[in-house]
Q: 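Next up is a structure, given as structure tokens.
We name chains A, B, ... by the order of the sequence lines, and we start the count at 1 in each one. As the structure is a prediction and not an experimental result, all values here were calculated from the model.
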Amino acid sequence: MHAWTRPRRPETLPVQFDRRRIYVLPTGFGAFYGALLGAMVLGALNYNNNPAFLLALLLGGAGLASLIAAQLQLSGLRVIAVDAEPVPAGSAMRVRVHVRAAPDRLRRGLQVDDGIAREIEPARLDLDHGVGEAELHIATHRRGWLDLPKLRVSTTRPLGLARAWSHLWPEAPLLVYPAPEAHGPPLPVGGGDQTVTRVHPSGDDVHHLRGYRPGDARRAIAWKHSARRDMLLVREYEQPLGADVELEWQRLHGLQHEARIARLARWIDEAERDGCRYRLSLPGHPALGPGNGAAHRHACLRALALLPHG
Amino acid sequence: MAKSASAAVAPAAPMPPIRGGKPAAIALEPGVRRWALLAGASCLLPLLLQLPPSIAAVIAVVGIGVGALSWRRAQPALLRLVLVIALVGTVLVLARFSFGRDTGCALLAAMFAIKPAETYTLRDARSLIGFALFGPFATFLLDQGPLSLALGLAASVFALVSLQRLAELDGVAAPGQPRAPAPPARQQLWSVARLIGIGLPLALAVFWLFPRLAAPLWGVPDRALARPGLSDRMSPGEMVDLMNDETVTLRARFNGDAPPTSQMYWRGPVLWHFDGRSWTQAGWFRGLPPPAFQPSATVWDYELEVEPTDDRQFVALDLPLNTPDGSRLSHDYGLYARRPLAALSRWHLRSSPPRKFELDLPAPLRRAALELPVGYNPRTLALAAQWRREAGGDDAAIVKRALDMYHRQFAYTLATPLLGRHSVDEFLFEQKAGYCEHFSSSFVVLMRAAGVPARVVTGYAGGYYNPVGGYWLVRRSDAHAWAEAWLPGRGWTRVDPTAAVAPERIYDTLADRTPGAGGLFGGIGAVTPLFNLGDWARRGWNDFVLGFDASRQERLLQPLGVDRLDGPRLIGLFVLFASLAGAWMVWLSSRGERQRDPVLRAWHALGRRYRRLGLERAPHEPALAWAERVGKARPDLGVALLRLSQTFSDWRYAGSQAGRREARELRNELVRALRAHRPGRTGEPR
């Protein structure tokens, strides 16, 4: 069933759900309800009991109307985009599915999951004034482009008798960073001039004194100066920032392919934490940097993530 | 923007548990569970009202008890099993181990009553609701009265609302995911009503056109515990319950003349055998072919609509000239249906008062019509013997003498003590007051003792004319018993001793004949038009819905000139109309939900009207910005539109000081203005 339904290959967004790709099938309870009504109809016909017959028909009519209503919940839904913040492999990626629809119909309580695979937790999708998003938590196992599973947008509303669903197989570039190494050697010491400094609460050179602010460490208070000036003064230090760090693939010989990637990923994070500028050189790749900041980090991790699997 | 390495290693969010295989059972929240239980109870209620009170009380008490006991936590399986066995046993004992439609329904109701004890997951709740929907269905099998219909329909709607609540739980079982609060009850009711309304055309098309069974696939089980109807047994003093029952038992519409009320004798069971206490129907000769009778010139042609009972026998004006399909006549012209009259049935009959009825009474029948129990009522026998001596061979004189006696010495009353062994003696010589059962019974005993063959006839007398619908209705309270005496040269002759005492009892059925314990409509003149109208509506419902069967279906298109709808044509018509209704359903559903606010509706419509000009308002565009944009492109429209937009945004966003009524007037004015604004392609707006 899963394989027969549309779409049969990943597709580019945006995607609009229309009747050609919306499927409606009774749920287990719907089948039970149908059997129940069948029994009622048979009994009512046999006894020529018209109120009972009419009751069964009304219930049946409401059931059919609920099938149509379920289909209409999905019909006209437009999946605009799928996006996610990149995460290191092994942690769950929060994938947001953005949908739009004409605001004329109430669409609440839709469900997004991966159908019968049940590998991801279903997420709720509500549309307010025609705009809504669902957040899925998708497990990641390996670095690189994430292969999104065939997603299913479904609903059993209004009566729970039938499930209307449509499959969505977005071709969305979702990147999974390599998992950083858990324990490893510290960041290599950088070279170059150490001109870049930053103020740091602990360090070697006293930079200057400033007034006490709540939360300052007690040992940072310059007691002698404070006594003289009749107010609490705090020392601030200046930490020389490490010089540009060279992160080179070639230097990490003796390590496996994936282990090198993991170590480099960890070093990138450490360099970011320490505020160093770093340069990443990978084989078959122009060197990245030196630099730091979110964009640089993303460029480096992306390059790492997209290295061929060795 | 520094990010620690350790934080990057730890997953950004705790990994949600990955589900595998079947989904876990979804637990019900207390609120949703309460809804489901209440819906189940509402489905059970109409059924309980139709069951015998003792059984209904037991089931109701157990249901409430189980509901309260398992309100917070599930009961052990053992307790549930014990409950099931105990309750089923109790119901069976109360039903005296007789099996029928009502016993089956009682058992069904008993099962519902225990169901709350195991209703904790979504699945349980759904199966509860599913089975509960059988409640109204079973009720309709027992009774098709307006109360059952109203309660059953309301319960079904309630059940659907509850299903809707349950559907909201589907698939959002993930912990930590917030669930939207349930929409208000009115909105839920509305959306279910909408579903039913959308399904209605299809339901009606199928109802009229779905091929009906001419003969049932399996028999209709009787009620095991019958309601009082016209019984084939009469014990004087026992009919009083019936006399106070104002339920309609049949309706008749006459083609042509109707008989005068004094001639409306709806003849039912004929009772031959007297054991000193009760009268019962004839024995061996019941199956004989009916004897010939000579009808008089008067013929009544009428359509009879018989409310459901569980007997086969029904009544006709005496005597029927024809035997409608599906019925047969017994030897004494009793009409029997081939099937129990479990559903409303209608019969086309022609009747005529007999001029001569069974002129030659065969000897065995004569013996049966003279038979009296030995050792009962000595004074009556003596009186009859004395009359016979005085009258000689003139049977008619004896009849007249008896009627004279009743007329002069007897009184009509419903308050009678229970009679002893010599019941007829006590009635004739001491009590001298009673009602139709006493009169007819004592009269027949007198006649038989005097050597005049006689028998008791029960049925209904009179009727009430409903001027709204132009038909007659007969209630159970019109139940009556009279006598037939066999006179030479005339055969069986109707004699009504009650009429000799209390003619108004027969001629005027609407009068309040039981002071103090008057019937619902007895003597209350002011209610009569309302009652007439109500009963007319009821008859219409009967006509349109309850009495619809295979033969009526065949004649469905008669007004359009199609004489008979045969099978293939019917199926073709059914398919055609069902698909039309289905298409209509799709159209109705896809129209979407209308904007509730009339101002917003008019505003959106106004925006859409600009689509032709390519100037439609974008969803994100404020009213005034849009009007300005339009003004630049079409200066001729701009001013009017700007003014409208200004009014609209004032109405929508500025606080209003106006009173309620004023505000409504303002709103209506705005809606009118919005609707009136129609941009033309060029030039001035119309």
Q: Could you go through Asn49(A) and Phe137(B), starting from their C-alpha distance and side-chain angles, then the distance that decides it, and tell me whether this counts as side chain to side chain contact (heavy atoms under 4.5 Å, CB included)?
A: CA-CA 10 Å; Asn49(A) 191 313; Phe137(B) 175 78; over 6 Å; no
Q: Is Leu58(A) in contact with chain B via its backbone, its side chain, both, or neither, using a 4.5 Å heavy-atom distance?
A: both
Q: Can you tell me if Arg78(A) has over 12 outside heavy atoms packed within less than 6.0 Å of its CZ?
A: yes
Q: Can you find a heavy atom in the side chain of Phe29(A) that is under 4.5 Å from one in the side chain of Leu163(B)?
A: yes
Q: So which part of Leu160(B) gets closer than 4.5 Å to some heavy atom of chain A, the side chain, the backbone, both or neither?
A: both
Q: Does CD in Gln16(A) sit with more than 12 non-hydrogen atoms of other residues, nucleotides or ligands closer than 6.0 Å?
A: yes
Q: Would you say Phe140(B) and Phe53(A) make side-chain contact, with heavy atoms under 4.5 Å?
A: no
Q: Checking Ser345(B) now: which residues fulfil side-chain hydrogen bond (donor to acceptor under 3.5 Å, both in side chains) with it, not counting sequence neighbours?
A: Trp347(B)
Q: When rounded to the nearest 0.5 angstrom, what is the spacing between CG in Leu36(A) and CD1 in Ile129(B)?
A: 11.5 Å
Q: For Ile196(B) and Ala62(A), work out which heavy atoms get closest and say how close.
A: CG1-CB, 3.9 Å
Q: What are the two closest heavy atoms between Ala167(B) and Pro158(A), and how far apart are they?
A: CB-O, 3.5 Å
Q: Does atom CZ (Arg163(A)) have a neighbourhood of more than 12 heavy atoms from anything else shown, all under 6.0 Å?
A: yes
Q: Which heavy atom of Ala39(A) sits nearest a heavy atom of Phe134(B), and at what distance?
A: CB-CZ, 4.2 Å
Q: Check the angle between the aromatic planes of Phe131(B) and Phe32(A) and answer parallel, tilted or perpendicular using the 30° and 60° thresholds.
A: perpendicular
Q: Which distance, rounded to the nearest 0.5 Å, do you find between the CG of Leu149(B) and the CG of Leu55(A)?
A: 9.5 Å
Q: What part of Ala44(A) gets within 4.5 angstrom of chain B, counting heavy atoms only: side chain, backbone, both, or neither?
A: both
Q: Does atom CH2 of Trp584(B) have more than 12 heavy-atom neighbours from other groups under 6.0 Å away?
A: no
Q: Looking only at non-hydrogen atoms, find the nearest pair between Leu195(B) and Ala65(A) and report the distance.
A: O-CB, 3.5 Å
Q: What distance separates Leu64(A) CG from Met585(B) CE, expressed to the nearest 0.5 Å?
A: 5.0 Å
Q: Would you mind telling me which of Ala52(A), Gly28(A), Gly43(A) has the largest number of heavy-atom pairs within less than 4.5 Å of chain B?
A: Ala52(A)
Q: Do other residues, nucleotides or ligands put more than 12 heavy atoms under 6.0 Å from the CZ atom of Arg19(A)?
A: no
Q: Rounded to the nearest 0.5 Å, what separation is found between the CG atom of Leu54(A) and the CZ atom of Phe207(B)?
A: 5.0 Å
Q: Atom CD1 of Ile198(B) and atom OG of Ser66(A): how far apart are they, to the nearest 0.5 Å?
A: 10.5 Å
Q: Can you establish whether the number of heavy atoms outside Phe577(B) located under 6.0 Å from its atom CZ is more than 12?
A: no
Q: Could you measure the distance from the CE atom of Met40(A) to the CG atom of Leu141(B)? Nearest 0.5 Å is fine.
A: 10.0 Å
Q: Are Arg212(B) and Asn50(A) close enough that some pair of their side-chain heavy atoms sits under 4.5 Å apart?
A: yes
Q: Using side-chain heavy atoms (C-beta onward) and a distance below 4.5 Å, is Leu59(A) in contact with Ser156(B)?
A: yes
Q: Can you tell which part of Leu159(A) gets under 4.5 Å to a heavy atom of chain B, answering side chain, backbone, both or neither?
A: both
